[in-house]
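Proteins come first, then strands; the chains are lettered A, B, ... in the order of their sequence lines, and each starts at number 1.
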Amino acid sequence: MKKRICIIQLTRMGDLLQTLKAIEPLDRENIEFTLVARKTFAQPILFLLEKKFKDVYLFDTEEIYGQKDLEEADKALQSFIDQINQNEHEIVVNLTFSESSGYLATLINSKNKFGLNISKDRKRNITDKWSQYLYSTALTGPHNPFNFVDIFKMIIGVPTEMNNAIEPTTRKKQIVIHPFASRTRKYWKPTKWIEFIKHFHAQNKDSKIIIVGSKEEKELADVIYESPVLLKYRNRIENLCGETNLEEVYNLVKEAELFVGHDSMVGHLASLHSTPSVTISLGTVRPKETFPYTHNALVLSPKRDCFPCTSQTVCDNNICHSDISPKVSALLTHRYLKNSQAEEFDYDDLNKVIHENSFLSNSMDICLALGDSSGLCRLENLALKKFSLKESIDLIYRISWLYILEEKEENIQLPQITTDTQKELATYVQGVSQVYELAEFGKKFSKYILEELATDNPDTDKLKSYSAKLDEIDKLTNALIKPYPLLSPLVNFYSLSKANTLGEDLVRITMNTFFLYNDCSLMCSVFFDLANKILGTIEEKSNQSDVPMEN
Amino acid sequence: MKELLSDLKTYLAQVNKTQEELKDEDLRKMFLASILRESSEEIKASEQK
């Protein structure tokens, strides 16, 4: 009998498509998937979801709003949950992390629950490591170096080495453009797209562009299409914005030789068929998390301290939009398309464009998505020569988390850093050493508790005192976030893991606490080694050359 | 809808007062309250875009 896994994904279409991409490689002969999603987000892509999920249950918020009273609403919900529970689920995986999804995960029957669930004693439980990672790092700030598809794979347990079998597609000589995203902060104004299309068509004599989008986006698409600047190219532009449903858009990007757009679900649709894509990431977008999960996808983003911002950031002029030059983007897209069509992708060719246009490309990060030896997909920055502190620490985290949580070694070349970064990283090495020392103390006092519990008459006062020490250690560890803000992913992860320590009795809980401090200590060691290797690289390079390191 | 939200608020206030172990019915109503709140926040956010 096939095992069933129930996935709860109550968020937007983009997240649903990333979930779809994550489960795609799994063998359907042994496993079946159930999906619980919101009707408003899942209905438009049901044609795709139903191909991969055995059952899709759509929760309709509107239907609940329409019930005459609370009892009727509760009855409708009970009937919805009863339908899901008709099947026996081996595992329930909650990939959403909203409060509502936590209650839903508890109401769906299963012995094994991954991700957030809120138990009947009102406790919020997240017991699996990658969900703890997602909750403590990806949902709390811009410190997550993994694509969500990879995180979802690791939560569900899909081997990352398994690649999607993609049907060969006959591509048409057309380029699909979706020049919009969910919020104005994430997309260029029409003037920039007009400039992009003008330069792109000037480079590509036989290219044809199709503009897609929703009915709400039609007005802006018309501004682009009707621009007098594009008059001479109008016969090579088709404006289908507002005239296609998502299934038609899916078929268009499936057959297109290229997709160009901002960070929106259309990029994820393109990734389902590995359509080459160029994504212009702006505003609140975190490119590393949401780039279209396709080998060699090109991602352009602003090189600016305030990028990515948050929805709470006050910004009236979207200054980061001007960091991405439409002219250079068009040029890069042109070269990228040629390389995508060639037998072998010539990375140096893109580098040439970057160097030849350094004045305009200096304000941009130009990244390619690369599948690496661990089977994961990551963004490699083509324009970056020397890493900043944040970039260095992101890389250290990526290698360390994979090693600690997944026992994988990722073969990434360690970066060169600026002299400023060298100083800052050396300071962080001290911070990590402090976390390490505290974790070692945690091990020591957990061991004292275990030793006391092993005696014939455990001394309650001693146990209380050791336990108070552990609380003090945790408080001191948390206090390190203030002087070392980039250590927050590490500190938050182990703080959350500790809050979810499993065990039926005090001995087991303390043993697991000991192992947790041990893991934290190991994570610090890996971090420490990598940071020192990066710092060592600087020293070696400095010794080899008389030229002082540039800033 | 206002009536539904007001009934939910009253119900949950009662449940939270007791601090007893939650029943399935309580969990369902907590789910309803949170998903209605989350979806109204989404509507507000999309209006502000």
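In this structure, the portion of A:Thr106 lying under 4.5 Å from any heavy atom of chain B is its side chain and not its backbone. Heavy atoms closer than 4.5 Å to chain B are found nowhere in A:Glu72, neither backbone nor side chain. Within the 4.5 angstrom heavy-atom criterion, only backbone atoms of A:Ile118 (N, CA, C, O) approach chain B. Both the backbone and the side chain of A:Leu70 come within contact range of chain B, with heavy atoms under 4.5 Å apart. Looking at A:Ser119, the atoms closer than 4.5 Å to chain B (heavy atoms on both sides) all sit in the backbone: N, CA, C or O. Residue contact with chain A, scored on non-hydrogen atoms closer than 4.5 Å, involves the side chain of B:Glu38 exclusively.
The candidate from B:Met30, B:Arg37, B:Glu21 with the greatest count of non-hydrogen atom pairs under 4.5 Å with chain A is B:Met30. For the set A:Glu71, A:Glu99, A:Arg122, the entry with the most heavy-atom pairs within less than 4.5 Å of chain B is A:Arg122.
Counting only N and O atoms by type, the side chains of A:Ser79 and A:Lys75 include no donor and acceptor under 3.5 Å apart. Between the side chains of A:Asp263 and A:Ser281, no donor-acceptor pair is found at a separation under 3.5 Å.
Applying the ring pair (Phe, Tyr, Trp, His ring centres under 6.0 Å) rule to A:Phe97 yields the partners A:Tyr135; only residues at least two apart in sequence or on another chain are considered. Listed by chain and residue number, A:Phe80, B:Phe31 satisfy the ring pair (Phe, Tyr, Trp, His ring centres under 6.0 Å) test with A:Phe59 (two or more places apart in sequence, or in another chain).
Centroid-to-centroid, the aromatic rings of A:His178 and A:Trp193 stay 6.0 Å apart or farther.
A:Leu10 and A:Thr96 get closest at one heavy-atom pair: N-OG1, 2.9 Å.
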